[in-house]
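What follows is a short report on a single structure.
Ligands are counted one by one from 1 in listed order, and the atoms in each one are counted from 1 as well.
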Amino acid sequence: MAGAAQHAHWSSRWAFIMAAVGSAVGLGNIWKFPYEAGEGGGGAFVMVYLLFVFFIGTPMLVAELSLGRRGQLSPIGSMKKIAQDEKKSHWWSLIGWSGVVGAFIVISFYSVVGGWTLAYMAKAAMGTFSGIDAETAQNTFVGYISDPVKTLVSHFAFMAITIFIVAKGVQGGLEKAVTVLMPALFAILIILVIYSGFTGDFAKTIDFLFNPDFDKLLFKPNTAEAIAAGEPATRFSLDTVLQALGQSFFSLSLALGSIMTYGSYLTKDVKIGKSAVTIAAADSAVALMAGLAIFPIVFAYGLDVAGGGGLVFMSLPIAFGQMPFGIVFGTLFFGLLAVAAVTSSISLLEPPVSYVEEKTGWNRRKVAVTMGVAAGLLGVLSAYSQGTNLLSDIKINMLGLELDIMGVKDFLTNNIMMPLGGMFTALFVGWFVTRKNMMDELALSDKTFRIWYFLVRFVSPTAIGIIFGKIIFDNFIA
Ligand code: PFF
């Protein structure tokens, strides 16, 4: 691909949809969603998550795709240009900055977990899981993430694959990687859901994922001191709701400039509204299927639903170790999880790359390598913060949570930068871009446009503002 990134375009609508679904479907769906749902109490978390996906996330997808397509530049360049066209403050380009910097932070830890999937693919292929029980599965995982050499190698191997594809450009790299592999991932997930359904505790899973208990979502246990001071045992808290909001953004690849960058490779004939609904539907379907594949095993083996980031790595190997052709299915599953992670990580490297490319005029390969290696180095801190690895003793307190380095990066991006970035994007398209320009860009039917406009003007900023405001109030004012 010659020239700057903004001149490249998808070869077809199908290629774009696959790339965007590839970006959306990733570790967020299969690794993160199940453990967040587990920690957030199950059904109520799933329900608010889905509400956020459809009423806030999908309209935001439309907004970001249209901003990218209109700007035809990196997120920073596009925001600057559109603000200028609309005669609005150049400060709006901060939305682009937050996206590019956020994407850089996220890819630095995303590639660590991506590395875990590669390592687990190798373990599955070597038959490591044959006949293992829950305890061995747990020890295997903790042993692996605590190993400074193995985690470093897998992290950089994953980053190298990402760099390789990004360096090849949109049609040569991105498209080729996604169009075959996404459908394959879908197929293997279906097989796993069926297997888990027959062998694990499916009834309990359905109850857990779909029977909402709002008390669990909205009330947190109070601290021992507060209870001693005469306060009730639980207190009202929107922390988990914020987590669900952040997760809906993360899962749809919003507010990190990825979707905006992919929008910049769009041609004018693609229908953004329809595409956004397809992307959101596919993304949610995969998240729910991941839950349906994982929780039957978690319940059948008495694992902890709130087991955190190791959940998928500690639960599924038990199933693979017992099922017929487990070596094949296990290798396929972790292989495809790695693929899902790669198609997302390329979209995370893309915003910083497109910006630096635009700014420096360097060729794409040089930029991809520079940014990828830099993010990889920052990622070493995350890799070493896990298990009993070299930096695992470092804990940082954020809003009352004791977090390791990976947790801090996740918290900053997922719970702060992404919701705020989303809120300002909604305010920008809803209140600062001329209505007529928005209508022309989107080419929606009148009715659909009105619904979309209402959602981005009022619903998104208000919902995000309330959730965010309440957290700030609880932690800094009350
Ligand atoms: N959506 C991806 C996932 O769910 O794994 C992660 C992601 C990719 C988040 C790109 C944000 C982003 F910009």
- request: Could you go through the salt bridge (Lys or Arg N to Asp or Glu O under 4.0 Å) check for Arg70 and Glu64 one step at a time?
  value: CA-CA 10 Å; Arg70 183 168 162 193; Glu64 284 198 25; over 6 Å; no
task: Can you sort out the partners of Tyr49 under ring-ring contact (aromatic ring centres under 6.0 Å, His included), two or more places apart, ordered by chain and number?
output: Phe33
- line: By ring-ring contact (aromatic ring centres under 6.0 Å, His included), Phe45 pairs with (sequence neighbours left out) none
- prompt: With a 4.0 Å cut-off, would you call Asp269 and Arg13 a salt bridge?
  reply: no
message: Students should find this: residues with any non-hydrogen atom under 4.0 Å from ligand 1. What is the answer?
response: Ser23, Ala24, Gly26, Leu27, Gly28, Asn29, Tyr110, Phe250, Ser251, Ser253, Leu256, Ser258, Ser344, Ser347, Leu348
task: May I ask you to establish whether Lys366 and Trp362 are in a cation-pi arrangement, using a distance under 6.0 Å from NZ or CZ to the six-membered ring centre and at most 45° from the ring axis?
output: yes
- request: Please identify each residue that fulfils side-chain contact (heavy atoms from CB on, under 4.5 Å) with Leu401, with sequence neighbours left out.
  value: Leu403, Phe411
